[in-house]
Each structure stands twice: as C-alpha cells, then as structure tokens.
There are 2 protein chains.
Amino acid sequence: MFPLPETDTALIPQDLQDRVSFRIRQLQILAYKRFEKVITDFGSAPRYYGMLKIIAANPGIAQIRLAEAIFLDRSSLVPIIETLTHEGWLVRKPAAEDRRVRRVYLTDEGLRRLSLLEVEVNRHEARMTKGLSPQSMATLREGLEQMAVNLTEQDQTTKD
Amino acid sequence: MFPLPETDTALIPQDLQDRVSFRIRQLQILAYKRFEKVITDFGSAPRYYGMLKIIAANPGIAQIRLAEAIFLDRSSLVPIIETLTHEGWLVRKPAAEDRRVRRVYLTDEGLRRLSLLEVEVNRHEARMTKGLSPQSMATLREGLEQMAVNLTEQDQTTKD
DNA sequence: TATTGTTATACTCTATAACTATA
DNA sequence: TATAGTTATAGAGTATAACAATA
C-alpha cells in the first residue's frame with residue numbers, strides 16, 4: 001500500500017480530459033470555489049464582479065439590458081440588484097424619458113470598492129494562469145472568444 | 001435609429017472580455033444552456049455525462065471517490081446516483097472487503113446509451129470549437145489543463 | 001398591445017450536520 | 001475513533017407566470 005493519495009486526475013479518462021467542454025466546466029467549478037474562499041470582505045459583490053464591471057462601463061444601463069448581457073431572466077436580476085443596493089454598491093434611478101425603466105448606476109462608494117475588488121480579481125487571475133506564456137494566453141483568449149461567438153450565433157439561428 | 005439590435009458584447013468592457021475567468025464563466029453558462037436545449041431523450045444523464053464517463057473508466061468506484069473527482073460533497077452525490085439508478089444507467093453493489101462501501105457500475109444498458117450520448121456530445125463540442133485550428137485546440141487544451149493544475153495545487157497548499 | 005420591472009412560486013443544485021453501519 | 005453512505009434540512013440561484021405601470 002502506497003501512502004500517496006490517488007490524484008483526482010488519475011480517475012479521469014484521457015478522452016474526457018481532452019474535451020474542452022469538460023475542462024471549461026471543471027475550471028469554472030474550481031475557479032469559483034477558490035475565488036470565494038480567497039476573496040472576503042466584499043459582501044456579496046465578488047460573485048457579481050462581472051456584472052458590476054458592465055454597470056461601470058455602461059452607467060445607467062436598464063435592468064433588462066443588464067440581464068441580457070449576463071444571460072439571466074430579468075426577474076432573476078431583481079433580488080441581485082436589491083442586495084447590492086442594500087450593500088451600498090448600486091443605485092437605481094427612474095429614467096426620465098421612459099418611466100418603465102430604472103437605470104442602474106454604481107455609487108461612488110461602489111466604484112471605490114470595485115477598484116479594490118479588482119486588485120483581488122487580478123491576483124486570482126494571475127494565480128490561475130501561472131505558467132502560461134503571453135503567446136499561450138493570447139491563443140487561449142482567442143479560442144475562448146471564438147467559442148462564445150459560436151455558441152451565441154447558434155442560439156440565434158436555432159430561434160426556438 | 002438603426003434596426004440592428006445592440007449585441008451583448010458591445011456592453012462588455014474590453015478588460016472584462018480579456019479576463020480568462022470571465023470567459024470561462026460565460027462559456028460555461030452558454031455551453032450548458034445550449035447543451036441542454038440540443039440534447040434530449042437521455043433523461044437526466046446529459047448533465048452527468050462527465051461523471052458517467054468516470055464511472056465507465058473506473059468500474060466499481062466507491063461513491064466517495066467519485067464525489068471527490070467531480071468536487072462534490074459525498075452527500076450531494078447520493079440523489080444523483082439514485083436518479084441515474086432509477087433511470088437504468090447505474091447499479092450499486094456492496095463491496096465484499098469493506099461493507100461500508102457501495103461500488104458503482106454502469107449497467108449494460110447504461111454503457112450502450114452512453115455511447116449514443118457520446119455522439120451528441122461530440123457534435124456539441126464540434127459546434128462549439130468550430131473555426132479553431134488543430135494548433136489552437138492543442139494550445140487551448142494545454143492552457144485549460146495548466147489552469148486546472150494551478151487551482152488544485154493552490155487548494156492543497158492553502159490547506160484550510 | 002408590448003415592454004420594464006416586480007412579485008409569488010417552484011425547482012434544481014449544493015453543503016452542513018447528524019445518523020447508521022461498518023472498520 | 002474514523003470512514004462510507006445516507007437523511008433531513010436549509011440556502012443559493014434560477015426560471016415561469018402573472019401583475020402593475022407605462023409606452
């Protein structure tokens with residue numbers, strides 16, 4: 001009997017390891033667990049980092065546009081916006097020209113905290129991509145982007 | 001006013017698009033939605049394709065090893081195994097040498113159906129990676145693997 | 001009539017804690 | 001005492017359907 005614990009990868013057959021879809025899923029699980037463990041003191045914001053960045057880049061975005069951008073139903077976004085508003089990250093203001101719309105903005109405090117959070121996200125990203133050459137990173141980014149395009153294009157043509 | 005709808009990507013700032021962690025998350029969401037829409041008639045198996053492949057490669061694996069391999073708590077695995085057993089994919093047999101353990105196997109029917117499911121997974125993967133050169137694919141796979149290694153290694157050293 | 005945001009509701013997925021049976 | 005599997009339970013996260021306000 002060997003004292004070495006069997007590694008997880010030993011159980012994963014090669015053809016599964018070669019599947020990009022499997023790797024993506026596995027990475028998302030791992031990265032998310034790690035991210036949540038490492039980043040604290042930012043309330044519930046870390047998991048919505050991407051969304052906060054989109055709001056920062058599109059101040060006053062309507063909730064429905066925001067929901068579409070992150071592939072969520074507009075109703076699913078409501079409690080998220082509410083929580084982040086209570087935590088001081090966001091404010092909603094009714095749109096003057098269309099009073100159905102509520103525009104979403106980062107607060108000054110939210111902007112300030114987002115820049116601090118960004119430092120942590122950078123660290124996380126650096127740890128995750130350690131050992132990858134700039135060239136590999138570039139190819140990786142292109143590949144990930146191409147796949148996202150492929151998947152969204154197919155969604156449009158499918159047109160349920 | 002232009003008739004063209006604003007694309008999602010127009011809302012995503014470049015620095016966010018360049019984040020591998022953001023892309024991974026986005027891709028996982030898109031790929032999963034697409035996968036579930038396209039693949040039907042396989043019961044609840046498609047979402048557990050990876051797990052079924054691991055069982056196929058490790059016949060008689062103990063539930064706890066399987067849970068570790070897919071980063072789930074052993075208790076979370078129980079209802080999954082149960083469902084797939086009821087659907088005829090799996091059987092559990094008590095281990096002779098350690099009666100606490102229940103060994104998990106694919107049924108003959110499960111093996112047969114898994115090979116059919118695999119055809120669909122291949123199609124999904126091909127659509128997703130369309131336009132990527134063999135070289136890009138190779139670099140992509142290496143990058144994804146390296147990141148998985150980075151994340152699991154860091155988990156071990158953190159050692160909470 | 002259609003759209004935006006909201007609410008009520010239900011479903012899925014997951015972890016934690018406690019239990020059981022074995023070791 | 002520790003481990004494998006199970007159960008009960010609770011907490012996220014999500015979508016669907018229906019509603020109010022507005023266009």
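Computed from heavy atoms alone, side chains included, the values below leave out hydrogens, waters and symmetry copies.
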Q: Among the candidates D:dA23, D:dT14, C:dT14, find the nucleotide nearest to the side-chain atoms of A:I80.
A: D:dT14
(Q) How many whole angstroms separate atom CD of A:E68 from atom C1' of C:dG5? (A) 13 Å
Q: Can you tell me the distance, in whole Å, between the CG atom of B:D98 and the P atom of C:dA23?
A: 6 Å
Q. Taking atom types as modelled, is there a side-chain donor on B:R25 or B:Q28 under 3.5 Å from an acceptor on the other?
A. no
Q) Closer to the 5' end of DNA chain D via nearest nucleotide, is it B:I64 or A:E97? A) B:I64
**Q.** Distance-only donor-acceptor test, A:R100 side-chain atoms vs C:dT3 base atoms, 3.5 Å
**A.** yes
Q | Heavy-atom protein contacts under 4.0 Å, nucleotides 6-13 of chain D, coded B base, S sugar-phosphate only, - none | A | BB----SS
Q. Given axes from five pairs at either end, by how many degrees does the helix from C:dT1-D:dA23 to C:dA23-D:dT1 bend, rounded to 10°?
A. 10°
(Q) Just the rounded figure in Å: distance from P of C:dC13 to CD1 of B:I70. (A) 12 Å
Q) Side-chain N or O of A:R65 less than 4.0 angstrom from OP1 or OP2 on C:dT4? A) yes
Q) Are B:K33 and D:dA15 close enough that a side-chain N or O sits under 4.0 Å from OP1 or OP2? A) yes
(Q) Ring of A:Y105, cation from A:K93 - is the NZ or CZ under 6.0 Å from the centre and inside 45° of the axis? (A) yes
Q: Indicate whether the side chain of B:S136 and that of B:T139 have a donor and an acceptor atom separated by less than 3.5 Å.
A: no
